[in-house]
Trainee: 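Let me begin by handing over the structure; questions about it come next.
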Protein chains: 2
Amino acid sequence: MDLRHISFRLLEVFMSVVKMGSISETARRLHLTQPTVSLQIKRLQEAVGEPLLLIQQQKLHVTDAGLELFKTCQQVFGHFEDYQDFLTELNGGSRGRCKIAMVNTAQYILPKLLGPYSNLHPHVELPLEIGNRAEVLDRFERGEDDIYVFSHPPSLEHAQAARFLHNPLEFIVPLNHPLAHVKAVKLTDLMPYRFLLRENGSATRMLFESELQSRGLVLSDSVQMASNEAIRVAVASGLGIAVLSRHVLATDDTSFKVLNVTDAHLASQWYFVMRTDRHISHAARNFLKFAQQHVEQYLDTQWVRNELHKLDLN
Amino acid sequence: MDLRHISFRLLEVFMSVVKMGSISETARRLHLTQPTVSLQIKRLQEAVGEPLLLIQQQKLHVTDAGLELFKTCQQVFGHFEDYQDFLTELNGGSRGRCKIAMVNTAQYILPKLLGPYSNLHPHVELPLEIGNRAEVLDRFERGEDDIYVFSHPPSLEHAQAARFLHNPLEFIVPLNHPLAHVKAVKLTDLMPYRFLLRENGSATRMLFESELQSRGLVLSDSVQMASNEAIRVAVASGLGIAVLSRHVLATDDTSFKVLNVTDAHLASQWYFVMRTDRHISHAARNFLKFAQQHVEQYLDTQWVRNELHKLDLN
DNA sequence: GTTACATATAGATAGTTATCTATGGATTGT
DNA sequence: ACAATCCATAGATAACTATCTATATGTAAC
């Protein structure tokens with residue numbers, strides 16, 4: 001491998017190609033022409049002395065050497081980003097960036113931590129990615145962000161995770177629902193009604209369905225909806241009933257009724273997850289330290305499960 | 001900081017200057033002239049947008065920004081050294097992947113080579129694909145694997161092949177079969193009986209049928225079965241007779257009888273095949289070199305036909 | 001078989017970089 | 001003050017790089 005013939009630009013282009021999985025697509029994104037990108041890759045391969053990408057059936061396939069180089073690049077650019085942060089800090093003001101990817105439901109609680117943190121460090125950029133579990137998992141696999149928020153952490157082979165919040169699920173029904181004024185109901189009582197559910201793979205739905213299955217219950221009718229808001233509004237307007245994270249429900253929202261289901265106490269946990277094989281920005285570590293010290297202060301103490309000390313933040 | 005105007009060479013020179021504490025000294029060490037080094041440093045400082053070195057009283061003083069950059073460089077070069085190590089292992093064939101696709105029958109003999117090889121190189125991944133001839137041929141056409149094992153190699157326009165093992169076929173009958181205790185039989189004697197055959201396109205069946213056709217013989221009855229095991233078991237339980245690769249038969253298996261057919265010595269050869277128009281992993285080349293040197297050692301010498309030297313493995 | 005899309009190759013050009021030689025201006029020690 | 005060092009600047013050049021346009025080639029899909 002001849003480093004002298006490798007420029008950062010070359011690596012940047014290479015990384016983009018790996019991420020996009022396409023030379024043409026990369027060309028478009030970087031405002032280059034396709035031959036330019038092809039040539040860059042070719043040159044990089046020559047400099048490395050090893051094939052990095054194979055083209056088969058019009059699909060790019062990243063070789064082992066290519067994948068390893070990609071990881072190396074992530075680390076290297078990470079270090080330069082840190083250095084950049086150092087420089088801006090040197091010029092006054094703590095800065096940096098902390099990229100967080102979270103699953104949909106987390107967007108209701110994470111801001112309670114992000115807000116105070118952002119006030120404390122106004123120059124830290126906090127780009128947030130919000131997606132369903134599959135999307136976030138995908139980003140996690142590629143190591144695109146500094147921190148991930150999951151309720152069911154993925155394989156921890158190259159990552160560490162720590163719990164910080166209990167996530168109880170509640171059953172809600174329209175105000176005029178037959179069960180709305182029943183003091184105590186059982187899970188089976190709910191089965192005859194139409195359930196509004198998130199898409200398959202959402203953590204809430206997974207949890208609910210595994211509970212049903214383990215108890216041999218089957219829903220008589222269910223409708224899939226794309227977001228928690230949609231479900232909340234739909235329940236309020238009488239379209240059906242639903243199970244939602246308590247954190248999604250404003251405590252003073254009276255447009256629906258929360259049931260007291262005595263024989264089902266569903267709950268998951270929120271985890272902060274960070275990769276151990278990727279460079280984590282200084283700002284991100286800093287945010288996690290902040291979280292470790294202040295979760296009790298900014299989140300409802302009743303639900304806090306602060307295990308963030310488990311994370312190695314150095 | 002503008003990474004695009006920073007090259008690894010620039011950083012290398014910078015690191016040397018910091019280590020030496022002198023521009024002139026660095027110039028001498030790197031076989032450059034002093035102005036060259038001065039200029040490099042100047043350029044780097046411009047790209048970083050921050051002074052890195054101060055000259056005071058004829059002494060170089062490294063600024064904070066400079067020191068931090070130095071640390072960053074150490075990390076970055078460290079990552080590339082790691083990557084270099086990875087590449088070295090990859091090239092030495094002691095790491096990497098060797099994808100092999102083989103036809104069904106080969107699964108009885110190839111492991112005898114793969115086992116010892118895998119012990120020798122535990123970091124090499126060995127994903128195996130086992131399928132019938134059509135499936136393996138399909139993979140071959142698409143170039144999905146590094147090595148293919150065939151008994152009748154396909155068109156060699158974009159591939160090279162070399163024999164390594166003789167594959168004799170045997171006729172087997174149930175223990176209670178009329179022919180079971182006949183000392184010597186002829187092929188025509190077998191025609192009245194029901195034959196259990198692999199699916200159309202299997203190498204064994206192809207070989208057998210072409211032999212029949214060339215001698216104008218026709219089977220009176222045949223049944224198609226999906227696997228060699230199924231056929232073996234079916235023969236043992238008296239369902240019919242069959243022709244199978246000797247390598248499929250355990251020598252100590254007494255649940256059937258092997259016939260002595262005096263006028264038919266059917267045999268095919270096992271070939272390693274590799275495409276010439278596709279990148280073949282170092283690990284794969286390495287495996288073939290290993291095979292070339294050790295087939296006699298790990299396979300029954302009686303059947304070895306080692307022509308692997310024909311392969312161009314560089 | 002035609003169209004659409006992806007990648008590869010060739011040839012051209014403007015711009016950048018690495019490097020040199022020659023020279024000038026500091027600082028230090030004698 | 002002078003020599004010895006050290007670093008900075010200027011000017012020159014060959015080599016290399018990034019990028020383009022135009023075109024060819026190879027799959028996939030209709």
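Every chain is numbered from 1 and lettered A, B, ... according to where its sequence line falls, protein lines coming before strand lines.
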Trainee: Is the backbone N or O of Trp270(B) less than 3.5 Å from a side-chain atom of Ser151(B), with the two atoms forming a donor-acceptor pair by type?
Mentor: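 Between the backbone of Trp270(B) and the side chain of Ser151(B) there is no qualifying donor-acceptor contact (under 3.5 Å).
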Trainee: To the nearest angstrom, how far is Ile6(B) atom CD1 from dT16(C) atom C1'?
Mentor: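 Spelled out: CD1 on Ile6(B) to C1' on dT16(C) is 15 Å.
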Trainee: With a 4.0 Å limit, can you tell me whether Arg4(B) has a side-chain N or O closer than that to the phosphate oxygens OP1/OP2 of dT16(C)?
Mentor: no
Trainee: Please step through side-chain hydrogen bond (donor to acceptor under 3.5 Å, both in side chains) for the pair His152(B) and Gln269(B), ending with a clear verdict.
Mentor: CA-CA 7 Å; His152(B) 285 280; Gln269(B) 313 286 334; over 6 Å; no
Trainee: Could you work out, with ring-ring contact (aromatic ring centres under 6.0 Å, His included) as the rule, every residue matching Phe80(A), not counting sequence neighbours?
Mentor: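 With sequence neighbours excluded, Phe80(A) shows a ring-ring contact (aromatic ring centres under 6.0 Å, His included) to Phe8(A), given in chain and number order.
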Trainee: All N/O contacts under 3.5 Å from nucleotides 2-4 of chain C to the protein, with atom names and distances to one decimal?
Mentor:
none

Trainee: In sequence, state the C-alpha distance, the side-chain angles, and the governing distance for His5(A) and Asp2(A), and then conclude on side-chain hydrogen bond (donor to acceptor under 3.5 Å, both in side chains).
Mentor: CA-CA 6 Å; His5(A) 292 155; Asp2(A) 187 3; 3.2 Å; yes
Trainee: Just by distance, do the side chain of Tyr83(A) and the backbone of Ala65(B) share a donor-acceptor pair under 3.5 Å?
Mentor: yes
Trainee: Is it true that the NZ or CZ of Arg275(A) lies under 6.0 Å from the centre of Phe140(A)'s six-membered ring and within 45 degrees of the ring axis?
Mentor: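 So Arg275(A) does make the cation-pi contact.
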Trainee: Rounding to an integer number of Å, can you tell me how far Glu12(A) CD sits from dT19(D) P?
Mentor: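 Interatomic distance, CD of Glu12(A) to P of dT19(D): 10 Å.
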Trainee: Are any of the side-chain heavy atoms of Arg198(A) and Gln224(A) separated by less than 4.5 Å?
Mentor: no
Trainee: Between Asp146(B) and Lys99(B), is there a salt bridge with N-O shorter than 4.0 Å?
Mentor: no
Trainee: Starting at atom CZ of Arg9(B), determine the distance to atom P of dC16(D), rounded to an integer number of angstrom.
Mentor: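 It works out to 14 Å between those atoms.
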Trainee: Within residues 20-48 of chain B, which residues have any heavy atom lying less than 4.0 Å from an atom of DNA chain D?
Mentor: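 Under 4.0 Å from DNA chain D: Ser22(B), Ile23(B), Ser24(B), Arg28(B), Gln34(B), Pro35(B), Ser38(B), Lys42(B).
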